[in-house]
Amino acid sequence: QVELVESGGGLEQSGGSLRLSCAASGSIASISAMGWYRQAPGKERELVAAITFLRKTNYADSIKGRFTISRDDATNTVYLQMNNLKPEDTGVYYCKAEKLRIPGTLGWRDYWGQGTQVTVSS
């Protein structure tokens, strides 16, 4: 059984920094891409950043230059370094493992973490 567990959220002042981590555990053969999404109160979930197995990255315009995504395939962990935080960065941040394949199987599926709260005060 595959599980994604996020950590690193919390309360931070505007201009501060936080680092989110998401570790995927279980029997995992490969993960095509890993990403971070966030959902603010009353809004839909949106992509923040994603990184492929080949280290190609994709960032939302609102966080370019402030956030950096990285991954460690040895531990199936993805990180999100968030600098110069703004109040509009507040929300629940979810980790996603895309096209995760389990050993001995041909298919793949996406998995989500349970989310971690990030609150930025002005």
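Values below: every heavy atom of this structure, side chains too, minus hydrogens, waters and symmetry copies.
- Of the inter-residue distances, the one linking S122 atom OG with L85 atom CG reads 13.0 Å to the nearest 0.5 angstrom.
- A side-chain donor from one of T119 and Q117 sits under 3.5 Å from a side-chain acceptor of the other.
- Between M34 and I69 the shortest heavy-atom distance is O-CD1, 3.8 Å.
- Residues forming a salt bridge (Lys or Arg N to Asp or Glu O under 4.0 Å) with K43 (at least two apart in sequence, or on another chain): none.
- Taking all atoms of both residues into account, the shortest heavy-atom contact from P103 to A29 is CD-N, 3.5 Å.
- A side chain to side chain contact (heavy atoms under 4.5 Å, CB included) with C22 is found for exactly one of T77, L4, N76, namely L4.
- Salt bridge D110/K99: absent, no basic N to carboxylate O contact under 4.0 Å.
- Between K86 and D89, none of the side-chain N atoms (NZ, or NE/NH1/NH2) sits under 4.0 Å from a carboxylate O, so this pair counts as no salt bridge.
- Judged by distance alone, with hydrogens and angles left aside, the side-chain atoms of Y37 form no donor-acceptor pair with the main-chain N or O of V92 at under 3.5 Å.
- Counting heavy atoms from C-beta on, the side chains of S7 and T116 never come closer than 4.5 Å.
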### Task
Show the numbers, then the answer: is there a side chain to side chain contact (heavy atoms under 4.5 Å, CB included) between E12 and S121?
CA-CA 6 Å; E12 184 58 73; S121 62; over 6 Å; no

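- Among all heavy-atom pairs drawn from G8 and L18, the shortest one is O-CD2, 3.9 Å.
- Under the 4.5 Å side-chain heavy-atom criterion for ILVMFWY residues, a single connected hydrophobic cluster contains both I31 and I102.
- Of the possible polar contacts, one joining the E6 side chain to the G115 backbone as a donor-acceptor pair under 3.5 Å is found.
- If you check the side chains of E46 and Q39, you find no donor sitting under 3.5 Å from an acceptor.
- The CD atom of Q114 sits 9.0 Å away from the SG atom of C95 when rounded to the nearest 0.5 Å.
- In this structure the side chain of L100 reaches within 4.5 angstrom of the side chain of Y111, judged on heavy atoms.
- In this structure, the side chains of R55 and T57 stay at 4.5 Å or more apart for every pair of heavy atoms.
- Side-chain contact between L47 and Y59 is absent, with no heavy-atom pair separated by less than 4.5 Å.
- The backbone N or O of V120 sits less than 3.5 Å from a side-chain atom of T90, completing a donor-acceptor pair.
- Judged by the 6.0 Å distance and 45° axis criteria, R19 is positioned over the aromatic ring of Y79.
- Using a 4.5 Å heavy-atom cutoff, the side chains of R38 and I63 are in contact.
- Atoms OG and CG, from S70 and L80 in turn, are 8.5 Å apart once rounded to the nearest 0.5 Å.
- Judged by the 6.0 Å and 45° rule, R45 forms a cation-pi pair with Y94.
- Pairing each heavy atom of L20 with each of W36, the nearest pair is CB-CH2, 3.6 Å.
- Between the OG atom in S30 and the CZ atom in F53 there is a gap of 7.5 Å [rounded to 0.5 Å].
- Looking at every heavy atom in both residues, W112 comes nearest to K96 through CZ2-CD, 3.5 Å.
- Scanning both residues, M82 and V118, for their nearest heavy atoms gives CE-CG2, 4.0 Å.
- Taking CG of N83 as the start and CZ of R66 as the end, the distance is 9.0 Å to the nearest 0.5 Å.
- Taking 4.5 Å as the limit, every side-chain heavy atom of R109 sits out of range of all side-chain heavy atoms of R101.
- The aromatic rings of Y93 and F67 are tilted relative to each other, their planes meeting at an angle between 30° and 60°.
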